[in-house]
2 protein chains.
Amino acid sequence: MNIGKAAEASGVSAKMIRYYESTGLIAAAERTQAGYRNYGQRDIDTLRFIRRARDLGFSVEQMHDLLALWRDQSRASADVKRIALQHVAELERKAQQLQEMSRVLTHLAENCHGDERPDCPIITGLAENDR
Amino acid sequence: MNIGKAAEASGVSAKMIRYYESTGLIAAAERTQAGYRNYGQRDIDTLRFIRRARDLGFSVEQMHDLLALWRDQSRASADVKRIALQHVAELERKAQQLQEMSRVLTHLAENCHGDERPDCPIITGLAENDR
DNA sequence: CTTGACCTTCCCACCGTGGGAAGGTTTATC
DNA sequence: GATAAACCTTCCCACGGTGGGAAGGTCAAG
């Protein structure tokens, strides 16, 4: 499977596949005689995993850890668990932050009548001087 | 007030103030004879507004809209509300995805704990189940 | 065999942010 | 009043991700 097909199958653009390869996030793909990259199902699975992690805002570095966790079955379970739970904690923290933002904004929006009148607590809320 | 003081007072770094000016998000500050930027209370208010919006995860583009609405006394609050709720939906979506990922990772940590089998069933599930 | 769709590498752009250099200005200290 | 520290200015560079596109090679279908 060439890079275009792999991109389509995984949801990761060809550009990004090359980029991930260049940064070492994924192993260099094998090549045909002509130099075309060649991908198998296993690679597609990896790319899909990457896409999901990326969609969730993981950095390349974090994805690196996630992939290692994902791939390396010979690791001590304590290590695996520690890394995983670390990431879980981070995910939870991020999710909480987002929800806090959402909560604040929703609160402001609830008090905004949303008509043609200019008064809007969202605006005044943002403009308030307190830190 | 020079840029350093303005940065301190607003919580936006001097670097970013210059950047926001360069991109047109804020108006060019007036200058002293020596070329130093000079800020007044009104500018500080604007910068604080920006910082808070930024903290809530608004993009520069969204901030542009919000600022216009903030400054426009004749705006309709509905416009503001629309932008805010749009952003809320985005935040919620992201938060949910993070929690979903957290759930998956927790599951992974609990079940794929380093035995010697070459394939972890959770992994294949991960790659298959999406989209 | 030609043509179009693909592939390769390469450089450029963007955003938002920070680092830092080179040079000018203000302020505080002696 | 001189000097040094702290500030300002512009400029370029870097990062992580991502896309655009050019120049050139390759594959497959007509």
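What you see is a predicted model; the values in this text were computed from it and never measured. Proteins come first, then strands; the chains are lettered A, B, ... in the order of their sequence lines, and each starts at number 1.
Taking atom CD1 of residue A:Ile50 and atom C1' of nucleotide D:dG17, one finds them 13 Å apart after rounding to whole Å. Atom C1' of nucleotide C:dT8 and atom OH of A:Tyr39 are separated by 12 Å, given to the nearest angstrom. Nucleotide D:dC7 holds its P atom 8 Å from the NZ atom of B:Lys5, rounded to whole Å. The separation between A:Arg18 atom CZ and D:dG17 atom C1' is 15 Å, rounded to whole Å. Look at CE on B:Met1: it is 12 Å from P on D:dC8, rounded to the nearest Å.
Between C:dT9 and A:Arg31, a contact under 4.0 Å exists linking OP1 or OP2 to a side-chain N or O. For the pair B:Asn2 and D:dC7, the criterion of a side-chain N or O lying under 4.0 Å from OP1 or OP2 is not met. Residue A:Arg37 has no polar side-chain atom (N or O) positioned under 4.0 Å from OP1 or OP2 of C:dC7.
Side-chain contact between B:Tyr39 and B:Lys5 is absent, with no heavy atoms from C-beta onward closer than 4.5 Å.
Judged by distance alone, with hydrogens and angles left aside, the side-chain atoms of B:Arg52 form no donor-acceptor pair with the main-chain N or O of B:Leu47 at under 3.5 Å. Distance alone, capped at 3.5 Å, places no donor-acceptor pair between the B:Asn38 side chain and the B:Thr32 backbone. Judged purely by atom type and a 3.5 angstrom limit, B:Gln62 uses its side chain to pair as donor or acceptor with the backbone of B:Ser59.
Minimum interatomic distance between A:Ile17 and A:Ser10 (heavy atoms only, all atoms of both residues): CD1-OG, 4.5 Å.
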Quiz item: Given B:Thr23 and B:Tyr19, is the side-chain contact (heavy atoms from CB on, under 4.5 Å) satisfied, shown in steps?
Solution: CA-CA 6 Å; B:Thr23 58; B:Tyr19 172 71; 3.6 Å; yes
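A:Arg103 meets the side-chain hydrogen bond (donor to acceptor under 3.5 Å, both in side chains) test with A:Glu100; sequence neighbours excluded.
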The contact string for nucleotides 11-21 of chain C, one letter per nucleotide 5' to 3', using protein heavy atoms under 4.0 Å with B, S and - for base, sugar-phosphate only and none, comes out as ----SBBSBB-
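Note on B:Ile3: it clusters hydrophobically with B:Leu25, by side-chain heavy-atom contacts below 4.5 Å among ILVMFWY residues.
Between A:Glu30 and A:Arg37 there is no salt bridge, since none of the side-chain N atoms of the basic residue sits less than 4.0 Å from a carboxylate O of the acidic one.
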Atom pairs under 3.5 Å, N or O on each side, protein against nucleotides 26-28 of chain D: can you list them with distances?
from: D:dT26; atom 1: O4'; to: A:Tyr36; atom 2: OH; distance (Å): 3.3

